[in-house]
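Computed from heavy atoms alone, side chains included, the values below leave out hydrogens, waters and symmetry copies.
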Amino acid sequence: MLVLAAVPEEQYHKLRRAVAARFPLAHARTWVDTLATIRARPVELAVVDPLLVGVASATEIGRLRVLFPSLPLILYTTLSPATAVVLLALGQSGVRDVVFSRYDDHPARLREVLMQEEARSASRQLLDQVAVVLAPLPSELRWVLEEVLRSPAELQTVQQVAARARVDRRTFERWFARLGLPSPRHLLAAARVLYAHRLLQDPGFTIDDVAQRLGYAQTKTLQLHARAYLGLTAGEMRLTLEPAEALERVAQSFVPVRGTRVATAS
């Protein structure tokens, strides 16, 4: 899970030493870089400092809350009279987790806060939603599908997913056939559509942003997949479809077909 670190250099290095073994970090040094990184890279959690550019202000962090309400935010800043005023304002907008530099930012504390907020990430919520759908599957297959949902931009081909499962492609495809599931290729496409739908609930993302984040070569491919799996364009699914409804539509196409015979390798 990629974590955005929109904090000054000293805090960034402390954060990296504390959590890099578990969370990869993307460092943003300005608020412009912060927005660009969120839109272009698969950021699922942000650690931000109101003092990022030297002057304490709640404006830019408040803007992030408006544009990307599903993105969990952690404040990592220096305690001072100026930041106290900012923290009060941000608390009213729903930002709750605060770590103070040189006070309670020891590595264990930083790891604890990030791991707590990980549960609110888009991929974690999506995994929680599909847990019932995945439950009947063999543990090997379930683990790989969870990986796909965590990293839909990283695992885009059947070969990549089979390699992650440490089996050859034909074995991986036979797992699906044995369970009466559609092909792995269809599952990968459906997973990316579900993830795209979740991202599009945030007003800060354009459809082009989401297509780029999920590794689509062209936005029109996302549109085709949205039509195929949800029966809507990306714009329509953004406006008219709740996450639970999106999952239900996709899950219906992946209900195992009873009595399906095991496929043989060609």
Walk me through it: do Val47 and Val7 pass the test side-chain contact (heavy atoms from CB on, under 4.5 Å)? CA-CA 7 Å; Val47 181; Val7 296; 4.2 Å; yes
Worked check of side-chain contact (heavy atoms from CB on, under 4.5 Å) between Leu2 and Glu44: CA-CA 6 Å; Leu2 183 63; Glu44 293 212 66; over 6 Å; no
Trace of the salt bridge (charged side-chain N to carboxylate O under 4.0 Å, His left out) decision for Glu9 with Lys14: CA-CA 9 Å; Glu9 293 290 336; Lys14 287 183 179 180; over 6 Å; no
After noting the C-alpha distance and the side-chain angles of Leu188 and Val158, does the key distance pass the side-chain contact (heavy atoms from CB on, under 4.5 Å) rule? CA-CA 8 Å; Leu188 294 179; Val158 177; 4.2 Å; yes
Verdict with reasoning, Leu75 to Val99, per side-chain contact (heavy atoms from CB on, under 4.5 Å): CA-CA 6 Å; Leu75 300 184; Val99 177; over 6 Å; no
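In this structure, Leu15 CG and Asp49 CG are separated by 11.5 Å, a value rounded to the nearest 0.5 Å. Leu239 CG to Leu200 CG: the interatomic distance, rounded to the nearest 0.5 Å, is 9.5 Å. Taken to the nearest 0.5 Å, the CZ atom of Arg17 stands 8.0 Å off from the NE2 atom of His13.
No path of Ile, Leu, Val, Met, Phe, Trp and Tyr side chains, each step under 4.5 Å between heavy atoms, connects Leu224 with Tyr229, placing them in separate hydrophobic clusters. Phe23 and Leu110 fall within a single hydrophobic cluster, where Ile, Leu, Val, Met, Phe, Trp and Tyr side chains are chained together by heavy-atom contacts under 4.5 Å. By the criterion of side-chain heavy atoms lying less than 4.5 angstrom apart, applied directly or through intervening Ile, Leu, Val, Met, Phe, Trp or Tyr residues, Leu79 is grouped together with Leu73 in one hydrophobic cluster. Taken together through direct or relayed side-chain contacts under 4.5 Å among Ile, Leu, Val, Met, Phe, Trp and Tyr, Val32 and Val53 form parts of separate hydrophobic clusters. Linking Ile, Leu, Val, Met, Phe, Trp and Tyr residues whenever their side-chain heavy atoms come within less than 4.5 Å places Val98 and Leu4 in a single cluster.
Contact between Gln201 and His197 at its shortest, heavy atoms only, is NE2-O, 2.8 Å. Across all non-hydrogen atoms, the minimal contact from Arg238 to Ile207 is NH1-N, 4.4 Å. Considering every non-hydrogen atom in both Thr78 and Ser101, the closest pair reads OG1-CB, 4.0 Å. Closest non-hydrogen pair, Leu214 versus Arg192, comes out as O-NH2, 2.7 Å.
Asp202 contributes no side-chain N or O that, together with a main-chain N or O of Phe205, makes up a donor-acceptor pair within less than 3.5 Å. A side-chain donor-acceptor contact under 3.5 Å links Arg111 to the backbone of Ala18. Looking at Gln212, its side chain never comes within 3.5 Å of a backbone N or O of Asp209 through a donor-acceptor pair. Side-chain atoms of Glu236 come within 3.5 Å of backbone atoms of Thr233 as a donor-acceptor pair (strictly under, hydrogens ignored).
Residues Arg109 and His106 have side chains that never bring a donor and an acceptor to within less than 3.5 angstrom of each other. In this model, no donor atom of one side chain and acceptor atom of the other lie less than 3.5 Å apart for Asp105 and Gln11.
Using a 4.5 Å heavy-atom cutoff, the side chains of Val66 and Arg63 are not in contact. Side-chain atoms of Thr240 and Leu232, non-hydrogen and from C-beta on, do get closer than 4.5 Å to each other. Proximity of Trp31 to Leu64: side-chain heavy atoms (C-beta onward) are separated by under 4.5 Å at one or more points. Side-chain contact between Pro24 and Val3 is absent, with no heavy atoms from C-beta onward closer than 4.5 Å.
In this structure, Phe100 has its ring center at least 6.0 angstrom away from the ring center of Tyr76.
The aromatic rings of His27 and Tyr12 sit parallel to each other, their planes meeting at less than 30°, with 60° as the upper class boundary.
Around CZ of Arg185, the count of heavy atoms belonging to other residues, nucleotides or ligands within 6.0 Å does not exceed 12.
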N/O donor to acceptor pairs below 3.5 angstrom from side-chain atoms of residues 33-41, sequence neighbours left out:
from: Asp33; atom 1: OD2; to: Thr30; atom 2: OG1; distance (Å): 3.3
from: Thr34; atom 1: OG1; to: Thr30; atom 2: O; distance (Å): 2.9
from: Thr37; atom 1: OG1; to: Asp33; atom 2: O; distance (Å): 2.8
from: Arg39; atom 1: NE; to: Gly204; atom 2: O; distance (Å): 3.0
from: Arg39; atom 1: NH2; to: Gly204; atom 2: O; distance (Å): 3.4

Scan the side chains in residues 215-223 for donor-acceptor partners under 3.5 Å anywhere in the protein, sequence neighbours excluded, and list what turns up.
from: Tyr216; atom 1: OH; to: His225; atom 2: ND1; distance (Å): 3.4
from: Thr219; atom 1: OG1; to: Asp208; atom 2: OD1; distance (Å): 2.7
from: Gln223; atom 1: OE1; to: Ala234; atom 2: N; distance (Å): 2.8

